[in-house]
Amino acid sequence: MALTFYNTLTRRQEPFEPLKPGRVGMYGCGPTVYQLPHLGNYRSFLFFDLVHRYLVWKGYTVDAVMNLTDVDDKTINGALAAGISLADYTAPVAQAFFEDLRTLGVREASVYPRATERIPQMIELIGTLLERGHAYEVGGSVYFDVASWPEYGKLSRVDLAAVREGAGLQERERQAVDPDELGKRDPRDFALWKAAKPADRAVGAVWSTPWGEGRPGWHIECSAMGMAELGETFDIHLGGEDLIFPHHEDEIAQSEAATGKPFVRYWLHVKHLVIDGEKMSKSLGNFVTLRDLLEEGHSPAAIRYLLLGAHHRKELNFTRAGLADAREALRRLQDFEATLAHHPAAEDAAPTRLGEVAARALAEFEAAMDDDLNVAAALAALFTFVRESNSVLHSAGPLRAEELAAARRSLERIDEVLGVLRLARESARVGEDLAAWVEERIEARQAARARRDFQAADAIRAELAAAGIVVEDTPHGPRWKRA
RNA sequence: GGCGCCGUAGCCAAGUGGUAAGGCAGAGGUCUGCAAAACCUCGAUUCGGCGGUUCGAAUCCGCCCGGCGCCUCCA
């Protein structure tokens with residue numbers, strides 16, 4: 001089975017072959033820690049998680065790097081407004097971000113470098129660009145000289161003439177020129193280093209360099225951190241589609257101009273999460289946060305399922321109804337997992353096609369994922385597995401232990417990539433005291449049923465329901481779960 | 001204005017030349033003391049519209065309609 005990715009750089013789907021056999025270096029643009037990420041941001045962070053998990057699943061050793069941008073206009077302005085240092089301002093946001101990642105069951109990356117911890121690497125990289133004539137210094141700020149790099153634009157394929165005119169800006173915005181942009185020789189040039197301003201000094205966002213005090217530009221962060229962690233050329237770089245231009249374009253230019261080597265081999269981009277037909281974004285104010293949804297009572301597993309369930313190169317429209325659908329679909333998977341766990345085995349059971357169904361599910365799941373991580377198709381394979389297995393389980397008595405084990409293994413293996421069942425299990429967990437009480441009530445109910453006192457049995461069921469517990473009677477005895 | 005993406009059942013969503021996956025919701029049935037879960041059956045003669053290419057098109061081409069993104073804040 002060959003894994004393929006759609007590569008933004010070539011605009012084609014291509015077989016994935018890492019630089020070093022068996023080992024993959026991947027980098028994802030992480031959050032700017034001035035405010036908690038919203039659900040759209042998490043779509044891309046969950047995509048990072050999906051790629052990470054799937055590469056591990058395929059047997060690769062993965063060096064997964066996600067940066068935290070903790071110095072930029074927004075963090076500096078935020079710290080200034082709060083009257084505290086940059087570090088004090090960003091630390092709690094970063095902490096909350098990591099909490100959110102845990103909530104969503106994101107596999108931990110190998111390293112989460114912070115921009116402020118990698119300043120020397122940035123300074124060194126800028127120094128190299130200056131030496132090589134791809135950058136110039138004006139008044140303590142350093143800019144990348146786009147004209148010196150003919151390949152500029154190869155990722156985004158933007159029309160450089162259009163960029164020159166700043167066509168996307170409103171007239172008013174065009175006049176409100178950022179002082180950092182004033183010294184540029186060419187409008188396409190971008191800041192590698194910004195000379196210190198009073199606000200920077202007030203919050204401690206100042207570092208000294210051979211060309212004066214200041215702080216790094218945004219694009220240089222990712223180049224410096226990516227190359228520091230993964231080498232001058234690495235395999236995969238991913239992020240939201242809005243980063244293609246200028247962020248990733250600039251990363252390529254400054255990295256390749258400095259090293260003379262290809263920067264990244266596969267560029268993967270995630271389409272936006274939209275809400276009410278528009279991109280979810282902080283500037284539009286139409287965003288929903290993970291914490292909002294949790295407060296509304298939605299489960300992390302359902303949110304994860306929803307955000308992961310659509311193909312990453314397609315827009316995903318966020319709605320509460322969609323989240324409810326996700327919850328129901330997930331519930332079906334959970335019920336299937338429980339059915340497999342509770343189904344009795346017997347030595348002398350007749351063989352069924354369950355083992356074959358389980359094997360085919362895994363193969364189809366892998367084929368779908370190999371095809372540019374087609375999660376929607378992979379989920380179809382999973383649900384076909386569920387339906388066909390349920391059909392066998394429904395009509396059979398005890399089954400061969402190895403068949404049941406094969407089915408459980410396939411489900412477990414698939415969930416190693418999706419990570420939704422294990423996440424659901426966490427929130428479905430009940431305390432020992434509650435579990436003991438439920439068991440006791442169920443025994444009482446069984447006794448009532450045995451003497452055909454259905455009124456008493458139903459009363460107990462209602463009692464359990466009031467406590468959020470659902471009882472289901474199966475041919476193999478009652479089982480219960482959290483509602 | 002430039003570049004690019006999307007439009008598939010009530011909703012979500014795969015499928016990019018060979019005759020429409022999957023999920024949710026809905027209807028009927030089976031099972032059940034009743035439920036729940038599960039299973040079975042039913043739903044697009046059709047893929048925004050109109051032309052064209054082809055033996056054959058949701059898939060390729062053209063035009064049109066509608067929606068969205070990027071064009072130096074942005075996941």
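In what follows, chains are A, B, ... by sequence order, proteins preceding strands, each numbered from 1.
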Trainee: Hey, are Lys74(A) and Asp72(A) close enough for a salt bridge, meaning a charged N less than 4.0 Å from a carboxylate O?
Mentor: no
Trainee: Measure CG/Asp325(A) against P/G10(B) and give the value in whole Å, please.
Mentor: 15 Å
Trainee: Taking salt bridge (Lys or Arg N to Asp or Glu O under 4.0 Å) as the cut-off, I'd like each qualifying pair that reaches into residues 273-287 of chain A, sequence neighbours left out, listed once.
Mentor: Asp242(A)-Lys279(A)
Trainee: Please list, chain by chain and in numerical order, all residues satisfying side chain to side chain donor-acceptor pair (under 3.5 Å) with Arg43(A), sequence neighbours excluded.
Mentor: none
Trainee: Considering only atom C1', compute the distance from G10(B) to G2(B) and round it to an integer number of Å.
Mentor: 39 Å
Trainee: Let me spell it out: for each of Trp218(A) and Ser156(A), pick the nucleotide of RNA chain B with the closest heavy atom. Which residue's pick is nearer the 5' end?
Mentor: Ser156(A)
Trainee: Take the protein atom NE2 of His311(A) and the nucleotide atom C1' of C6(B), then report the distance between them rounded to whole Å.
Mentor: 13 Å
Trainee: My understanding is that only residues two or more places apart in sequence, or in another chain, count here; which of them pass side chain to side chain donor-acceptor pair (under 3.5 Å) with Tyr6(A)?
Mentor: none
Trainee: Determine the interatomic distance between P on G17(B) and the same-named atom on G7(B); round to the nearest Å.
Mentor: 16 Å
Trainee: Quick one: Leu379(A) CG to G23(B) C1', roughly how many Å, whole number?
Mentor: 8 Å
Trainee: Using atom P of each nucleotide, how far apart are A58(B) and U19(B) to the nearest Å?
Mentor: 11 Å
Trainee: Go through RNA chain B and write down every stem, that is, every run of at least three consecutive Watson-Crick or G-U wobble pairs with distances under 3.5 Å, as range with range.
Mentor: B:1-7 with B:65-71, B:10-12 with B:22-24, B:26-30 with B:38-42, B:48-52 with B:60-64
Trainee: Gln35(A) CD to A75(B) P: how many Å, rounded?
Mentor: 10 Å
Trainee: When the C1' atoms of A21(B) and G43(B) are compared, how many Å lie between them, rounded to an integer?
Mentor: 15 Å
Trainee: For Phe190(A), which of Phe144(A), Tyr143(A), Trp149(A) qualifies under ring pair (Phe, Tyr, Trp, His ring centres under 6.0 Å)?
Mentor: Phe144(A)
Trainee: For Arg327(A), what residues pass the salt bridge (charged side-chain N to carboxylate O under 4.0 Å, His left out) criterion, not counting sequence neighbours?
Mentor: none
Trainee: Counting only side-chain nitrogens and oxygens, does Lys314(A) get under 4.0 Å of the OP1 or OP2 atom of G7(B)?
Mentor: yes
Trainee: Between C1' on G22(B) and CG on Leu418(A), what's the gap in Å once rounded to a whole number?
Mentor: 13 Å
Trainee: Mind calculating the distance between NE2 (His219(A)) and P (A75(B)) to the nearest angstrom?
Mentor: 12 Å
Trainee: Sequence neighbours left out, what passes ring-ring contact (aromatic ring centres under 6.0 Å, His included) with Trp267(A)? Give chain and number order.
Mentor: His237(A), His248(A)
Trainee: Write down the distance between CG (Asp189(A)) and C1' (C71(B)), rounded to a whole number of angstrom.
Mentor: 17 Å
Trainee: Can you name the ring-ring contact (aromatic ring centres under 6.0 Å, His included) partners of His38(A), sequence neighbours left out?
Mentor: Phe287(A)
Trainee: Provide, to the nearest angstrom, the distance between the CZ atom belonging to Arg313(A) and the C1' atom belonging to U16(B).
Mentor: 11 Å
Trainee: Suppose you measure atom C1' in A13(B) against the same atom in G1(B); what distance do you get, rounded to whole Å?
Mentor: 34 Å
Trainee: Ser410(A): which residues meet the side chain to side chain donor-acceptor pair (under 3.5 Å) condition with it, sequence neighbours left out?
Mentor: none
Trainee: Along nucleotides 29-41 of chain B, 5' to 3', which nucleotides get a B, which get an S, and which get a -, given that the test is a protein heavy-atom distance under 4.0 Å?
Mentor: ----BBBBSBSS-
Trainee: Taking the same atom, C1', in A44(B) and in C11(B), what whole-Å distance lies between them?
Mentor: 14 Å
Trainee: Quantified in whole Å, what is the P atom distance between nucleotide C70(B) and nucleotide A9(B)?
Mentor: 27 Å
Trainee: When the P atoms of A20(B) and C34(B) are compared, how many Å lie between them, rounded to an integer?
Mentor: 40 Å
Trainee: Not counting sequence neighbours, list each pair that qualifies as a salt bridge (Lys or Arg N to Asp or Glu O under 4.0 Å) and has a residue in residues 387-398 of chain A.
Mentor: Arg360(A)-Glu388(A)
Trainee: Run the salt bridge (charged side-chain N to carboxylate O under 4.0 Å, His left out) test against Asp325(A) and tell me which residues pass, sequence neighbours left out.
Mentor: none
Trainee: So what does Ala329(A) hit on the nucleic acid, given a heavy-atom distance under 4.0 Å: a base, only sugar-phosphate, or nothing?
Mentor: sugar-phosphate
Trainee: Could you please name the option among A21(B), G23(B), A75(B) that lies closest to any side-chain atom of Thr32(A)?
Mentor: A75(B)
Trainee: Could you say whether Thr384(A) or Leu306(A) is positioned toward the 5' end of RNA chain B, judged by the nucleotide with the nearest heavy atom to each?
Mentor: Leu306(A)
Trainee: Among Arg408(A), Arg425(A), Lys481(A), Arg331(A), find the residue that satisfies the salt bridge (charged side-chain N to carboxylate O under 4.0 Å, His left out) test when tested with Glu337(A).
Mentor: Arg425(A)
Trainee: Go through residues 267-287 of chain A and report each residue with a non-hydrogen atom lying under 4.0 Å from RNA chain B, sorted by number.
Mentor: Lys271(A), His272(A), Leu273(A), Gly277(A), Lys279(A), Met280(A), Ser283(A)
Trainee: Roughly how far, to the nearest 0.5 Å, is the CG atom of Leu230(A) from the CZ atom of Phe263(A)?
Mentor: 9.0 Å
